[in-house]
Number of protein chains: 2
Amino acid sequence: MKNTVQLTVDAVVFGYEAGNISVILVKRKYEPYKNAWALPGGFVLENENLEQAVERELSEETGVKINYLEQLYTFGDLGRDPRGRVVSVAYFGLVKPNAFKLQASTDAEQAEWFPINTLPKLAFDHKKIFKIALERLQGKITYEPIGFELLDKKFPFSDLEKLYATLLGREIDRRNFKKKITSLKVLDELDEKVSKGRGRPGSLFSFNQKRYFELKKEGIIFEI
Amino acid sequence: MKNTVQLTVDAVVFGYEAGNISVILVKRKYEPYKNAWALPGGFVLENENLEQAVERELSEETGVKINYLEQLYTFGDLGRDPRGRVVSVAYFGLVKPNAFKLQASTDAEQAEWFPINTLPKLAFDHKKIFKIALERLQGKITYEPIGFELLDKKFPFSDLEKLYATLLGREIDRRNFKKKITSLKVLDELDEKVSKGRGRPGSLFSFNQKRYFELKKEGIIFEI
DNA sequence: CTATATTTGCGTAAATAGTACGCATAATAT
DNA sequence: ATATTATGCGTACTATTTACGCAAATATAG
């Protein structure tokens with residue numbers, strides 16, 4: 001029998017609502033790092049795949065319904081966990097706004113959304129994992145469509161625009177942005193209008209799923 | 001003590017020479033898959049990081065001097081290894097042509113370069129790992145400069161052109177390609193000329209390292 | 001009730017980048 | 001000499017991106 005290691009999975013799950021990008025953290029119940037905030041995750045069981053492990057841990061610890069999940073990176077440095085050689089396979093997840101409500105009721109392990117610019121101190125090397133996940137999120141928007149996994153089923157165009165502006169960290173020209181998105185033919189304009197208080201009410205849009213996943217497969221290059 | 005797994009690293013190392021992209025394979029000496037070809041790799045020792053493990057295995061099994069190495073993906077499905085629960089962290093590597101000579105002398109484990117379109121049957125799920133690595137290689141050339149890690153220090157422009165044509169799997173217009181590369185200011189034209197038998201001799205070029213890594217950092221979008 | 005602020009929606013001109021070629025030049029092979 | 005092969009430079013055409021003007025529909029302040 002060869003030298004063995006303990007294997008965990010951790011998830012960086014992003015959500016977007018009202019111009020804010022947030023991430024799910026859980027408060028640890030046990031040592032090490034008892035009471036510290038950490039990414040949801042835990043040990044992989046002997047009869048489950050890595051993806052199954054992440055989904056199980058997410059459902060146990062946060063109750064959130066994940067909309068998109070992909071492997072991010074594997075962290076295996078010596079000394080990253082005081083319990084010994086623990087290697088963690090990190091995942092990257094996105095959820096839709098309605099999942100925001102779910103977590104409020106789930107207090108089993110105390111899970112909370114934190115806006116990404118006001119994170120508390122994190123356990124283990126989770127700060128590093130989070131940073132890499134954020135880079136991935138920001139990188140993704142330049143080479144594939146994003147939004148379907150983060151926005152509600154129906155949304156005003158300005159929601160999509162704000163999502164991009166937030167992720168890019170700068171303003172974008174609404175008119176050119178709309179032209180670009182329109183040329184991709186990825187949005188369906190609905191008949192409904194919605195008013196957000198002041199200003200002219202706007203149409204609601206939804207993603208055309210077929211077209212959306214076609215684009216994702218092709219790998220669009222999306223220069224805003 | 002929690003449930004544990006065995007941890008391995010595997011490397012998909014690409015090299016490029018004379019219009020051919022090749023990958024290093026080693027012939028297995030022991031069961032399982034004795035005498036089958038496989039990606040170089042092996043068990044991670046208890047006192048080394050993942051990167052150290054790949055570099056050690058590569059040097060032990062192939063003697064090749066790796067020029068670039070990044071983590072690719074982690075494979076942890078149940079049943080991927082007959083020895084039990086073995087999780088493999090795969091790496092993606094690139095080497096320069098001069099490393100081609102090195103391996104010829106290293107027969108310890110019998111390591112060989114195989115052109116990527118004439119691979120033998122591979123052990124474990126290494127075919128799948130290879131496929132993902134190849135996609136990564138092909139994907140990389142559209143969003144960051146590539147070539148420095150694969151070409152000799154000095155090379156005629158046609159080498160770079162052929163590399164791109166090979167990776168893209170189609171012909172490219174030399175004149176437009178040169179215009180594009182020139183506009184990136186990433187090449188230094190040397191005074192030397194080189195003749196390849198027939199045809200007009202061409203200047204030798206070298207990558208401007210400073211500029212090259214700047215571009216890589218920015219993440220260019222490189223539509224050929 | 002009117003004026004102003006706010007947000008959406010449509011359009012057009014200028015600048016930039018990408019594509020498709022033509023053709024001269026410098027070597028080797030016949 | 002003449003053909004063949006590979007390099008090198010240029011130019012016209014097309015598509016995409018960027019910058020910005022302005023009208024329309026609503027809420028709110030006075």
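Being a predicted model, the structure only gives us computed values, none of them experimental. Reminder, nothing fancy here: chain letters follow the sequence lines and each chain counts from 1.
In this structure, Leu190(B) atom CG and dT7(D) atom P are separated by 16 Å, rounded to whole Å. Between the NZ atom of Lys162(B) and the P atom of dT7(D) there is a distance of 7 Å, given to the nearest Å. As rounded to whole Å, 14 Å separates atom P of dT11(D) from atom CG of Asn176(B). What separates CG of Leu160(A) from C1' of dT8(C) is a distance of 15 Å, to the nearest Å. Atom-to-atom, CG of Asp173(A) to C1' of dG9(C) comes out at 13 Å; the value is rounded to the nearest Å. Atom-to-atom, CD of Glu161(B) to C1' of dG8(D) comes out at 12 Å; the value is rounded to the nearest Å. Distance, Tyr164(B) OH to dG18(C) P: 14 Å, rounded to whole Å. Counting to the nearest Å, the C1' atom of dA25(D) and the CD atom of Glu192(A) are 18 Å from each other.
Residues Leu204(A) and Lys193(A) are not in side-chain contact: their nearest non-hydrogen atoms beyond the backbone lie 4.5 Å or more apart. Contact annotation: the side chain of Val89(A) approaches that of Gln71(A) to within less than 4.5 Å [non-hydrogen atoms, C-beta and beyond].
OP1 and OP2 of dT16(D) both lie 4.0 Å or more from every side-chain N or O belonging to Ser183(A). Side-chain N/O atoms of Ser203(A) include one lying less than 4.0 angstrom from OP1 or OP2 on dG9(C). In this structure, Ser158(A) does not reach the dT7(C) phosphate: none of its side-chain N or O atoms is under 4.0 Å from OP1 or OP2. For dA17(C), the OP1/OP2 oxygens have no side-chain nitrogen or oxygen of Lys180(B) closer than 4.0 Å. The shortest distance between the side-chain N/O atoms of Lys178(B) and the OP1/OP2 oxygens of dG8(D) is below 4.0 Å.
Between Glu189(A) and Lys179(A), the residue whose closest nucleotide on DNA chain C is further toward the 5' end is Glu189(A).
Geometrically, Lys96(A) engages Phe148(A) in a cation-pi contact defined by less than 6.0 Å to the ring centre and at most 45° from the axis. Under a cutoff of 6.0 Å and an axis angle of 45°, Lys154(A) and Phe205(A) do not form a cation-pi pair.
The ring-ring contact (aromatic ring centres under 6.0 Å, His included) test applied to Tyr68(A) returns no partner, not counting sequence neighbours. The ring-ring contact (aromatic ring centres under 6.0 Å, His included) search around Phe92(B) returns Phe14(B), not counting sequence neighbours.
Minimum interatomic distance between Thr62(B) and Pro40(B) (heavy atoms only, all atoms of both residues): CG2-CB, 4.0 Å.
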- prompt: Could you run down nucleotides 22-30 of chain C 5' to 3' and tag each one B, S or - for protein heavy-atom contact under 4.0 Å?
  reply: BB-BBBS--
